[in-house]
Number of protein chains: 2
Amino acid sequence: MKPATRDRVLIAMEQLGYSPNLAARALRHGRYGTIGLLAHRFDRTGEAATTDAVLRAAAENDLTVTILTVPSTDADGWTPAAKRLQHQATDGLIVIRNELESVKRLTFPAGFPVVVSDHRMEGVLPCVVADEIAATRAAVDYLMDLGHRTVHHVAGPQDSEPARRREIGWRARLRERGAIAYEPLPGDWTAESGFRAGRTLAANPEVTAVFCANDEMAFGVLHALHDMGRRVPGDVSVIGFDGIPLGVHSYPPLTTLKQDFRTIGAELVRLLVDQINNENADHAPHVIVPIELVVRKSTAPPPPAS
Amino acid sequence: MKPATRDRVLIAMEQLGYSPNLAARALRHGRYGTIGLLAHRFDRTGEAATTDAVLRAAAENDLTVTILTVPSTDADGWTPAAKRLQHQATDGLIVIRNELESVKRLTFPAGFPVVVSDHRMEGVLPCVVADEIAATRAAVDYLMDLGHRTVHHVAGPQDSEPARRREIGWRARLRERGAIAYEPLPGDWTAESGFRAGRTLAANPEVTAVFCANDEMAFGVLHALHDMGRRVPGDVSVIGFDGIPLGVHSYPPLTTLKQDFRTIGAELVRLLVDQINNENADHAPHVIVPIELVVRKSTAPPPPAS
DNA sequence: TTGAAAGCGCTAACAC
DNA sequence: GTGTTAGCGCTTTCAA
């Protein structure tokens, strides 16, 4: 076909407002050019950052992303959602943020491409995870090397696997170094829960270092510490987790364990595309993305008195 | 058909891993059961919160949401993206966060359902917008009633319509009340840009009140103010915009203009569904969502010396 | 009540 | 190179 003819057709398409019918194309092709993204909420750090990264990576692969939120954390919420999504027009599914044991309950049709960001699926499903154990070790080491005798912990919700791993890594490292691991304070990822935990911590003069399972809770802890007249980092050091942008401008700027969400998103998409194309030699590949300790101003050696 | 038979079929479907082919159904039906969401990025406050709300509302309407990010703010980025999305398998499109005049350039096939969150499309396309003018008036009134002689402004990017409206509202109200509107400091929504503006403001002893076009920049301003030894709210009052959750736990907790993202998302979906069903009597309905002034601890009367 | 057939819009294969 | 046709999997209509 002559280029000129081609152009004329394109122009005619434009004028008539014609565009190919995607449903028909998908029907013929057996592919939708769309991947599903299953998560809990999209207005929180981890989900939002990962979603953004997945969207970018998908765009580079000429894939559209269809999103399905899951109403509640409770186990029953997941399976119907997964069902619905797998019955949607998608070529595969990315599951992020897995609370509880819901993931184990997810059953997919044999051969339906799925990628998960959950440690518990190692070897079962392809997964991409952050190296949370190494990160918490680094945090504990950093604080103890500064001279702190132990590190207190504000934990995430108990039904969250990432929260569990952060707690496990923290406890294990303290034990290895012969420090006492005091019972962690319960949190639920929100700054509000961090604030409550912070009030308890602020009232305890023994506390010189606090490791929070995410940055939002660290914000709450900082707030409580200020409210109760304890100085950061003079009296108490605080370290967060995730590396949210606002952490650069908290008061004081927050030392944190920064996740590489861009890489996580890119790897999730890569693994899924491999599966869709049947290009994965490995049955259940497992990518570990490192986490970086970013030292800012909320951490310092403990006060001399202590 | 007997209920028992029905159950047996359902069980067989389950066992065989059968699920209806959505592409075929969509082809037959002429509907996809999917709406498109067009935006810029999803890891920032406004986008993320609105996205989350749209997702919830869509779920309630048994609609799936397909997302397309737009690589850059620049005008050229939008039209191809919109094209791609309108060529996607969607029954309609929600466009959020419209930078520049890109929206005007968006042309859709006649009758393609679209909802926009942009003031400039009033009367042209159905739109849902926040009442930013009223909000900025409230902010200026609140600060001046506290005794401040004027209010400085850290603006958002000039190519953003919301940023422009916030600036216009602020300037107009100051004029109405006979106060001087000093040249606003430029920002780009990031805390980093707020930090830079904050350093300039902190160096000017005349400054007693600062209105920031979003909360993230307010965080940066607070940081700069602290760094340079100015007290908040003792020396300088700071007010933000959006009402992000972390604003409750900044230091000090941030007075802000809180947007009702949930309502915005719900209305966007409602208007779109109306269009898809041809139920809109009004050609280009226009919903205005109010913004609430939330007073926390970053604002107070000016210091007596001033 | 049950079954058969046509057709949605596209593309790949095949015949001209 | 150009034109025609069959069929993807579903739903709806019409016939038995």
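To find a chain, count down the sequence lines: A is the first, B the second, and so on, and within it residues start at 1. On a predicted model such as this, the values are computed, not experimentally measured, just so you know.
- Side chains of A:Ser193 and A:Asp188: a donor on one and an acceptor on the other come within 3.5 Å.
- Atom CZ of B:Arg28 is separated from atom C1' of C:dC10 by 16 Å (rounded to the nearest Å).
- Here C:dG9 presents its P atom at 10 Å from OH of B:Tyr32, a figure rounded to the nearest Å.
- Among the protein residues, B:Arg25 comes within range of the sugar-phosphate backbone only, with heavy atoms under 4.0 Å from sugar or phosphate atoms but none that close to a base.
- Salt bridge status for B:Arg164 with B:Glu167: absent, with no side-chain N to carboxylate O gap under 4.0 Å.
- Annotation: the span from B:Leu125 atom CG to B:His286 atom NE2 amounts to 11.0 Å, rounded to 0.5 Å.
- Stem regions annotated for DNA chain C: C:1-14 with D:3-16, counting only runs of 3 or more consecutive pairs of Watson-Crick or G-U type with both contacts under 3.5 Å.
- A:Lys258 has no carboxylate O lying under 4.0 Å from a charged side-chain N of A:Glu292, or vice versa, which leaves the two without a salt bridge.
- Put simply, the side chain of A:Val115 does not reach to within 4.5 Å of the side chain of A:Val269, judged on heavy atoms.
- With the nearest nucleotide of DNA chain C identified for both A:Ala23 and A:His29, A:Ala23 has the one nearer the 5' end.
- Checked by atom type, the side-chain pair B:Thr66/A:Thr64 shows no donor-acceptor distance below 3.5 Å.
- The CG atom of B:Leu27 sits 6 Å away from the C1' atom of C:dG9 (whole-angstrom rounding).
- The nearest whole Å value for the distance from the CZ atom in A:Arg31 to the C1' atom in D:dG9 is 18 Å.
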